[in-house]
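Counting begins at 1 with the first residue of the sequence.
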Amino acid sequence: MEIPVIDFSELDGEKRSSTMVLLHEACEKWGFFMIENHGIDKDIMEKVKLLMNTHYEDNMKESFYNSDTAKKMENNEFIKDKDWESTFFVWHRPNSNINDLSGLSKDLQKAMDEYIEQLIKLAENLSELMCENLGIDKDRIKDAFSGSVGPTVGTKAAVYPQCPNPELIRGLREHTDAGGIILLLQDDQVPGLEFFKDGKWVKIPPSKNNRIFINTGDQIEILSNGVYKSALHRVMAMKDGNRLSIATFYNPCGDAVISPAPELLLPNCVRFRDYLSFYSKTKFGDKGFRFESLKNVANGKEEAFKAEK
């Protein structure tokens, strides 16, 4: 099963239409895909990965292997309530806490800030493209996510350490993501990420050539009225090597109220006899016009009920 790959460089040329179709299908039928030629500085991406791996080795590795989770391995029983991961979280928007986190080098803080600045622009661009494909205002996702302080952005930096008994634990248990758009800078060597599609777990290969892996969260599924999907996924513990994962979440702020875009809703609260009356006048016309007109009726715009004969 070949995972969709969206080439962002083709959005500005003659292949824009076919690329937009591919993006729409990826969001609608998969809920995850990879993007390439996204415009983010590759040197910054490589620097972030290098410094993150160094931070893990210097500050996180020893404590992880001395943790209760690691010690539970000695019982030789499946561990269902823990994850085999070493992780920390950084907030970027609306307020950054990166300078308050102990142990992060100045080089890592600077590289992460530069990377996130570019990544937010990519997330906003992606949100506009999704809106265009859904046929709604291009700023609908950003506006819906903004609430009182603007969309929130945070990064979960994780290493899934080499595991002596990967059959006894998940790297990260099965879940969907609660938020909006997730942009993942992941390991280019060690696999482990899996997404559920069509009744099967799909293995996501390591990201080559600085591709960024994207998946959509629950709030995108809600806002799109179920057109776009938030997919179930997990991380498998691996016996050979550490897997790096830098997942950035472009999410609604805490007081944002997310609901389906009105344009994507089917008519509701319409009496069937009223529907039949309107149907008799528009039976051989476009169904989309009929549904849109009936939505306006339900919203109190009675004039929309008068169809052209």
Side-chain angles (χ1 to χ4, degrees), residues 1-13 15-40 42 45 115 118-136 138 140-142 145 153 155-156 172 174-188 191-236 243-251:
M1 190 177 292
E2 191 170 346
I3 299 164
V5 178
I6 315 298
D7 185 346
F8 264 42
S9 69
E10 295 183 343
L11 288 168
D12 296 324
K15 293 184 178 180
R16 187 181 197 278
S17 179
S18 60
T19 302
M20 289 293 286
V21 169
L22 182 60
L23 174 62
H24 182 65
E25 290 178 347
C27 294
E28 181 182 38
K29 298 178 180 179
W30 294 72
F32 57 95
F33 51 93
M34 291 187 179
I35 57 176
E36 61 185 9
N37 297 319
H38 38 65
I40 296 180
K42 293 181 178 180
M45 295 172 69
Y115 168 66
Q118 297 180 43
L119 198 68
I120 290 174
K121 293 178 182 178
L122 176 60
E124 291 177 343
N125 184 21
L126 192 52
S127 76
E128 291 176 1
L129 295 172
M130 288 179 179
C131 288
E132 181 179 340
N133 271 334
L134 289 168
I136 59 181
K138 71 180 182 68
R140 178 62 63 82
I141 291 176
K142 182 179 179 180
F145 283 15
V153 181
T155 295
K156 177 187 175 183
L172 182 61
E174 293 82 356
H175 66 288
T176 62
D177 288 322
I181 300 172
I182 298 85
L183 305 97
L184 174 64
L185 175 59
Q186 67 164 345
D187 206 285
D188 56 9
L193 180 61
E194 296 183 354
F195 271 71
F196 197 70
K197 175 173 167 54
D198 298 334
K200 299 178 181 178
W201 286 104
V202 179
K203 298 180 186 298
I204 308 300
S207 292
K208 302 295 185 181
N209 301 318
N210 288 295
R211 286 176 173 174
I212 292 179
F213 184 85
I214 306 292
N215 70 280
T216 46
D218 295 346
Q219 303 312 303
I220 293 295
E221 182 163 343
I222 293 170
L223 190 145
S224 70
N225 197 35
V227 177
Y228 289 170
K229 302 296 186 271
S230 113
L232 188 70
H233 55 286
R234 66 186 183 185
V235 177
M236 304 301 287
R243 176 180 175 271
L244 177 65
S245 168
I246 304 171
T248 299
F249 299 83
Y250 181 80
N251 282 351

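- Residues Gln219 and Asn251 fail the side-chain proximity criterion, which asks for heavy atoms closer than 4.5 Å.
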Fill in: Candidate pair Trp201 and Arg234, rule side-chain contact (heavy atoms from CB on, under 4.5 Å), full reasoning
CA-CA 9 Å; Trp201 286 104; Arg234 66 186 183 185; 3.4 Å; yes
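- For the atom pair Phe33 CZ and Ile204 CD1, the distance stands at 12.0 Å (nearest 0.5 Å).
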Discussion item. Please evaluate residues Leu185 and Ser207 with respect to the criterion side-chain contact (heavy atoms from CB on, under 4.5 Å), reporting the C-alpha separation (whole Å), side-chain torsions for both, the decisive distance (0.1 Å), and the verdict.
Written reply: CA-CA 8 Å; Leu185 175 59; Ser207 292; over 6 Å; no
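- A distance of 4.5 Å separates CD of Glu10 from OG1 of Thr19, quoted to the nearest 0.5 Å.
- Rounded to the nearest 0.5 Å, atoms CD1 (Ile3) and CD1 (Ile6) are 12.0 Å apart.
- No donor-acceptor pair under 3.5 Å is formed between the side chain of His24 and the backbone N or O of Glu132.
- In this structure, Phe32 and Phe195 have tilted ring planes: the angle between them lies in the 30° to 60° band.
- Taking all atoms of both residues into account, the shortest heavy-atom contact from Pro191 to Pro206 is N-CG, 3.9 Å.
- Phe8 has its side chain out of reach of Leu23: every pair of non-hydrogen atoms, C-beta onward, lies at least 4.5 Å apart.
- In this structure, the side chains of Leu193 and Arg243 come closer than 4.5 Å at one or more pairs of heavy atoms.
- The minimum heavy-atom distance between Ile182 and Ala247, with the atom names listed, is CG2-CB, 4.3 Å.
- Side-chain atoms of Lys197 come within 3.5 Å of backbone N or O of Lys29 as a donor-acceptor pair.
- The two atoms that bring Phe145 and Ile220 nearest to each other are CZ-CD1, 4.0 Å, heavy atoms only.
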Item to complete: Please lay out, stage by stage, how Met130 and Ile181 fare under the test side-chain contact (heavy atoms from CB on, under 4.5 Å).
Response: CA-CA 10 Å; Met130 288 179 179; Ile181 300 172; 4.0 Å; yes
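- A donor-acceptor distance shorter than 3.5 angstrom exists from the side chain of Lys208 to the backbone of Asp188, with no hydrogens or angles considered.
- Between Tyr228 and Glu28, the closest heavy-atom pair is CD2-N, 3.7 Å.
- No side-chain heavy atom of Leu119 sits under 4.5 Å from any side-chain heavy atom of Thr155.
- No side-chain heavy atom of His38 sits under 4.5 Å from any side-chain heavy atom of Leu183.
- For the pair Trp30/Lys229, no side-chain contact is recorded, criterion being any heavy-atom separation below 4.5 Å from C-beta on.
- A distance-only check finds no donor-acceptor pair linking the side chain of Asp177 to the backbone of Gly179 [under 3.5 Å].
- The backbone N or O of Ser230 lies less than 3.5 Å from a partner atom in the side chain of Glu221, making a donor-acceptor pair.
- Minimum interatomic distance between Leu122 and Ile212 (heavy atoms only, all atoms of both residues): CD2-CD1, 4.0 Å.
- At least one donor-acceptor pair under 3.5 Å links the side chain of His233 to the backbone N or O of His175.
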Fill in: Audit row: Glu36, Arg211, salt bridge (Lys or Arg N to Asp or Glu O under 4.0 Å) steps and yes/no
CA-CA 5 Å; Glu36 61 185 9; Arg211 286 176 173 174; 3.0 Å; yes
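- Side-chain contact between Tyr250 and Thr248: absent, with no pair of heavy atoms (C-beta onward) separated by less than 4.5 Å.
- A pairwise comparison of heavy atoms in Ser127 and Ile141 identifies O-CD1, 3.7 Å as the closest pair.
- A distance of 10.0 Å separates NZ in Lys138 from CG in Asn125, rounded to the nearest 0.5 Å.
- To the nearest 0.5 Å, the span separating CG on Leu126 from SG on Cys27 amounts to 6.5 Å.
- Residue Ile214 holds its CD1 atom at 4.0 Å from CD1 of Ile35, rounded to the nearest 0.5 Å.
- Put simply, the residue from Asn133, Leu134, Ile136, Thr216 that forms a side chain to side chain contact (heavy atoms under 4.5 Å, CB included) with Ser224 is Leu134.
- Although no hydrogens or angles enter the test, the distance criterion places a donor-acceptor pair under 3.5 Å between the side chain of Gln186 and the main chain of Pro205.
- Within a 6.0 Å radius of NZ in Lys142, no more than 12 heavy atoms belonging to other residues, nucleotides or ligands are found.
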